[in-house]
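For ligands, and for the atoms within them, numbers begin at 1 and follow the listed sequence. The shown structure was predicted, so the numbers you read here are calculated from the model rather than taken from an experiment.
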Amino acid sequence: MLEVRGLRKVYEGSGRRTEAVGDLTFTVAAGELVCLVGPSGCGKTTLLKCVGGLLRPTAGEVYLAGRKVVGPPPGTAFVFQEYGRSLFPWMRVGQNVELPLRQKDLGRVRRRALVADALASVGLADAAGAYPWQLSGGMQQRVAIARALAYEPDVLLMDEPFAAVDAQTRADLEDLVRRLWRQRRITVVFVTHDIDEAVYLGERVLVLSASPTVVQEELTIDLPADRDQLHTRVAPRFAELRTRVYEQIRTAKRAGSTAKTDPPPPGRTA
Ligand SMILES: Nc1ncnc2c1ncn2[C@@H]1O[C@H](COP(=O)(O)OP(=O)(O)OP(=O)(O)O)[C@@H](O)[C@H]1O
Ligand SMILES: [Mg+2]
């Protein structure tokens, strides 16, 4: 479904040059839930934006269902890291969720049904008439997820979507993602810096190195498909897997502690 080939992204400007993504190659099968985990600042958001066609890579390509990504591909939904900035405060929750559907050739009745269904599946059936700022942080993030779901994406890209919510809400939202993924068979690429979250959610975990990012390690999560917060997290296999990922991240951090921002090329003034 998704193929990332030799992806590289260098940010340049104002005399600064940051090689965020070094050389990334990986694939994600249709209907797979893959977690990307890596240290803060390692280029996860950059990578996801390239995959979602929001940023143009410096080198390499991204293919989605066999097509080269050159802009936001249809059928892809994005849940951003900063939910606070991803909903329009002047629109009611229902309108926010409905917004992307306006691009689709759907009748009003069908649109309304998709909105209602998506809000119900994140437990916010009653919130359609509220404004985002009347909701808690966790609820706002659920609205952002509902908006992505209502669009009925084939591919769902999620960038640390639960980083800013409390632990209990986060656990609920993790279960929600697993449940929706299993029900709808969406291809999910889930970015996080949280090792436990990556192991709990993923069918596979890609460990990214510090920037310039490469895939440091790839791990198949052979935990049963039925996971629950109480039992899965105390299973011996869970502990083994998280230790493995933890060690890899530590190695990645050490490798990345050498200069990550190159000085500007000689002869150029800042
Ligand atoms: N628009 C930009 N211009 C210049 N440099 C950038 C830009 N966006 C990100 N960077 C740099 O690229 C590197 C990777 O940033 P990115 O946001 O992709 O990391 P991340 O892994 O998502 O971090 P976090 O875990 O904190 O969200 C960082 O060194 C960052 O400073
Ligand atoms: Mg990020």
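- Under a cutoff of 6.0 Å and an axis angle of 45°, Arg185 and Trp181 form a cation-pi pair.
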Trace of the side-chain hydrogen bond (donor to acceptor under 3.5 Å, both in side chains) decision for Thr45 with Gln81
CA-CA 8 Å; Thr45 298; Gln81 192 165 3; 3.1 Å; yes
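- The shortest separation from a heavy atom of Gly43 to ligand 1 is under 4.0 Å, placing the residue in contact.
- Taking distance alone, with nitrogen or oxygen atoms compared against 3.5 Å, Glu160 approaches ligand 1 more closely than that limit.
- Backbone and side-chain nitrogen or oxygen atoms of Thr18 are examined, and none is located within less than 3.5 angstrom of a nitrogen or oxygen of ligand 1.
- Centred on the Mg ion (ligand 2), the OE1 atom of Gln81 and the OG1 atom of Thr45 lie at an angle of 90°, reported to 10°.
- Stacking of Arg16 on the aromatic ring of Tyr11 is not recorded, the 6.0 Å distance cut-off and the 45° axial limit not both being met.
- Heavy atoms of His193 found under 4.0 angstrom from ligand 1: none, in either backbone or side chain.
- Close N/O approach between Gly41 and ligand 1 is found [any backbone or side-chain N/O within under 3.5 Å].
- Under a 4.0 Å criterion applied to the non-hydrogen atoms of Thr45, ligand 1 contributes the atoms 17 (O), 18 (O), 20 (P), 22 (O), 27 (O).
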Would Glu247 and Arg250 count as a salt bridge (charged side-chain N to carboxylate O under 4.0 Å, His left out) if you check the C-alpha gap in whole Å, the side-chain angles of each, and the deciding distance to 0.1 Å?
CA-CA 5 Å; Glu247 283 167 358; Arg250 213 167 45 181; 5.5 Å; no
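- Under the salt bridge (Lys or Arg N to Asp or Glu O under 4.0 Å) criterion, the residue pairs touching residues 143-156 are Arg110-Glu152, with sequence neighbours excluded.
- Partners of Phe162 under the ring-ring contact (aromatic ring centres under 6.0 Å, His included) rule, at least two apart in sequence or in another chain, are Phe190.
- Of the polar atoms of Arg16, none of the N or O atoms is found under 3.5 Å from an N or O of ligand 1, judged by distance alone.
- Side-chain contact between Val155 and Ile186: absent, with no pair of heavy atoms (C-beta onward) separated by less than 4.5 Å.
- Close contacts between ligand 1 and Gln81 involve ligand atoms 27 (O) [criterion: under 4.0 Å to a heavy atom].
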